[in-house]
Amino acid sequence: MAGASSALQSKRAIGKATRDAFGRALEALGGDYPNVVVVDADVSNSTRTEWFGKKFPDRFFNIGIAESNLVGIAGGLASCGKTPVIASFAAFILCNAYDQLRMAVAYPKLNVKVVGSHAGISIGEDGASQMGIEDVSLACSLPGFVVVVTADEASTRAATKAILDYQGPVYLRTGRPDVPKVYTDEQAPFTIGKANVLREGSDVSIIAYGLMVASALDAADELAGKGIEARVIDMHTIKPLDREAVLAAARETGAIVVAEEHLAHGGLGSVVAMAIAEAQPVPIRYVNLNDSFGESGSPEALLEKYGLTASRVVEAAEAAVLAKKA
Amino acid sequence: MPANLEELKQRAKAIRIEILKSTTEAGSGHPSSSMSAAEVVTALYFGGFMNYDPKQPHWPDRDRFILSKGHAAPVLYAAMAEAGYFPKDQLMTLRKLGSPLEGHPNMKRLPGIEASTGSLGQGLSIGVGHALAARVDGKSYHTYVMTGDGELGQGQIWEAAASAAKYKLENLTCIVDRNHFQQTGAAEDVLNMDPIDGKFAAFGWHTQVINGNDMNEVVTALERVRAVKGQPTCIVSLTHKGQGMLKLLEKLGDTNFHGKPMKPQDLDEAIAEVEASA
């Protein structure tokens, strides 16, 4: 293993962490987006907004360790026509400042980009207190918010530009470790609310976001060896959900697996289940953190222990296919 | 700057009467928390301190007023109606379905409202955001934020105070409506935050303590703010909750009167007391 941040077993080439890709993209886009201002709660060297701050010091404010104030200030800046980007650990910005996100951003529907880094158990050794594992659920519960989780470096670059072009509140989740490349450096299609079908298949659909997309692709390879053809969907936008892609998956493959580095409740699994239960009920299986906090350990060991691996996706897919036949 | 004191006093009275009428018509609301702030809000809107244009509520160079104590919305609505943001008769739609005059201010429904408030402790941070935006854009507008005194129990207020001092926001003024009561009792008993001016001063703010129900002191304090450079200003505005109807509140046996409208049968007496006040 090449160090704690080198991630995650995959046959794919390892790219940069999504937080790095976000930080570089923000820095690169800063010149073209003069309304962008960054407010930081003293974690810019973790969230990578420091690169923007160094290049555009007049548009960068470090207001200290105070997420509630951070979100309120962002609401004020957005009211004055700025496009504030605020980043902190996913656990802190969503959990500590939830009322502020509700009142100062969501309720007036302001153009604030909220970025939660260090999401999921894949941050590793720092342990449960630092791991955002409920952020997607909380962000989805903010009326009017768009919720995005990217799978790799290239898609994060594309998503960063897309959310700056979008008018309205957005939550973007990023991660700490370097992750496998899902897209080529040049080509990462990204439209808010439009899922990417990465692999076609007719037996089962694996719907995933974040680092579970690479695991889903690995799982699909393994499933093919067992005669099961899996469709793999990168559901990078959890809200608004691409219902068309979900319903097509249910209709055309008859079985669904949802894989996410998140608690069971309120995550993509819940959202997909709601959509298909209403319109196209088919067997569905879940790969997620169920109902538990993480702990300290290497990212690989944690993903293994908590069942966020390609082999668990394979098992879930087989179970879903079996349920379809029952 | 005119600040005809007599005229301002009369406007404050008119605003108090609108507060009473609109909350009684609504059958709910916070008239006493609104009436304590009538002089300050009147002076800001009509004393020549704020540049605004009711015809262009989103004019980028306007001065801003953020009512962090959102439950006092009736005082803001009454001032805005007086200023011409909407017709005065609309005040009687307060809190009714379909009205932009919601129970707490909603910036998406009522142009001229600068922040949606009602969850206490957040307005000063939003004001810091406005003040920072002015700096980034090289604009000279001023942002005024009014908080309650009980609201100072929210830690976010002090996060905002520290950040405003760090960035030397001389274009930001926080006015604490120190009316001495919060929901269940005296602010000092629920959570004593004295000395309020001392706390803001310790964070690096210029501070003033005034009688906030004395129009002369209010106007003088707001004039002084303009001379302050390199730091934000906090005005601790000592007021009475329900100012203008204190005798009636005493008679009713409730000097706090939090979150209650005047009953229709007492409304005339309340208005008469306001009219008779100095």
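We name chains A, B, ... by the order of the sequence lines, and we start the count at 1 in each one.
- The environment of NZ in Lys16(A) is sparse: at most 12 heavy-atom neighbours from other residues, nucleotides or ligands sit within 6.0 Å.
- Minimum interatomic distance between Leu77(A) and Ala133(B) (heavy atoms only, all atoms of both residues): CD2-N, 3.5 Å.
- Contact of Ala115(B) with chain A is not made at all, since no heavy-atom distance falls under 4.5 Å.
- More than 12 heavy-atom neighbours from other residues, nucleotides or ligands sit within 6.0 angstrom of CD on Glu295(A).
- The environment of Asn192(B) atom CG is dense: over 12 non-hydrogen atoms of other residues, nucleotides or ligands sit within 6.0 angstrom.
- Rounding to the nearest 0.5 Å gives a distance of 13.0 Å between NZ of Lys82(A) and NE2 of His130(B).
- Here the closest heavy-atom approach between residue Met107(B) and residue Ser79(A) is recorded as CE-OG, 3.7 Å.
- Around atom NZ of Lys96(B), more than 12 heavy atoms belonging to other residues, nucleotides or ligands sit under 6.0 Å away.
- The shortest non-hydrogen separation linking Val136(B) to Asp58(A) is CG2-O, 4.1 Å.
- Within residues 83-114 of chain A, the residues approaching chain B closer than 4.5 Å by heavy atoms are, in numerical order, Asp99(A), Gln100(A), Met103(A), Ala104(A), Tyr107(A), Pro108(A), Lys109(A), Leu110(A).
- Here the CD1 atom belonging to Ile63(A) is positioned 8.0 Å from the OG atom belonging to Ser125(B), to the nearest 0.5 angstrom.
- When each of Val128(B), Ile66(B), Ile126(B) is scored by its heavy-atom pairs under 4.5 Å with chain A, the top score falls to Ile126(B).
- Neither the backbone nor the side chain of Arg109(B) comes within contact range of chain A, judged by heavy atoms closer than 4.5 Å.
- A donor-acceptor pair is defined here as one N or O able to donate and one able to accept, closer than 3.5 Å; such a pair exists between the side chain of Asn69(A) and the backbone of Glu159(B).
- A distance of 6.5 Å separates SG in Cys80(A) from CZ in Arg62(B), rounded to the nearest 0.5 Å.
- Contact annotation for Thr143(B): neither backbone nor side-chain heavy atoms come within less than 4.5 Å of a heavy atom of chain A.
- Within 6.0 Å of CD on Glu188(B) lie more than 12 heavy atoms contributed by other residues, nucleotides or ligands.
- The shortest distance between side-chain heavy atoms of Ile73(A) and Leu132(B) falls below 4.5 Å.
- Counting heavy-atom neighbours within 6.0 Å of Ile65(A) CD1, excluding the residue itself, gives a total of 12 or less.
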Which side-chain N or O atoms in residues 28-37 of chain A pair as donor and acceptor under 3.5 Å with protein atoms at least two apart or in another chain?
from, atom 1, to, atom 2, distance (Å)
Tyr33(A), OH, Lys161(A), NZ, 3.2
Tyr33(A), OH, Asp165(A), OD1, 2.6
Tyr33(A), OH, Asp165(A), OD2, 3.4

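- Gln122(B) contributes atom CD, which lies 7.5 Å from atom OG of Ser68(A) (distance to the nearest 0.5 angstrom).
- More than 12 heavy atoms of other residues, nucleotides or ligands lie within 6.0 Å of NZ in Lys55(A), so this atom counts as buried by the packing criterion.
- Between Tyr167(B) and Phe61(A), the closest heavy-atom pair is OH-CA, 3.3 Å.
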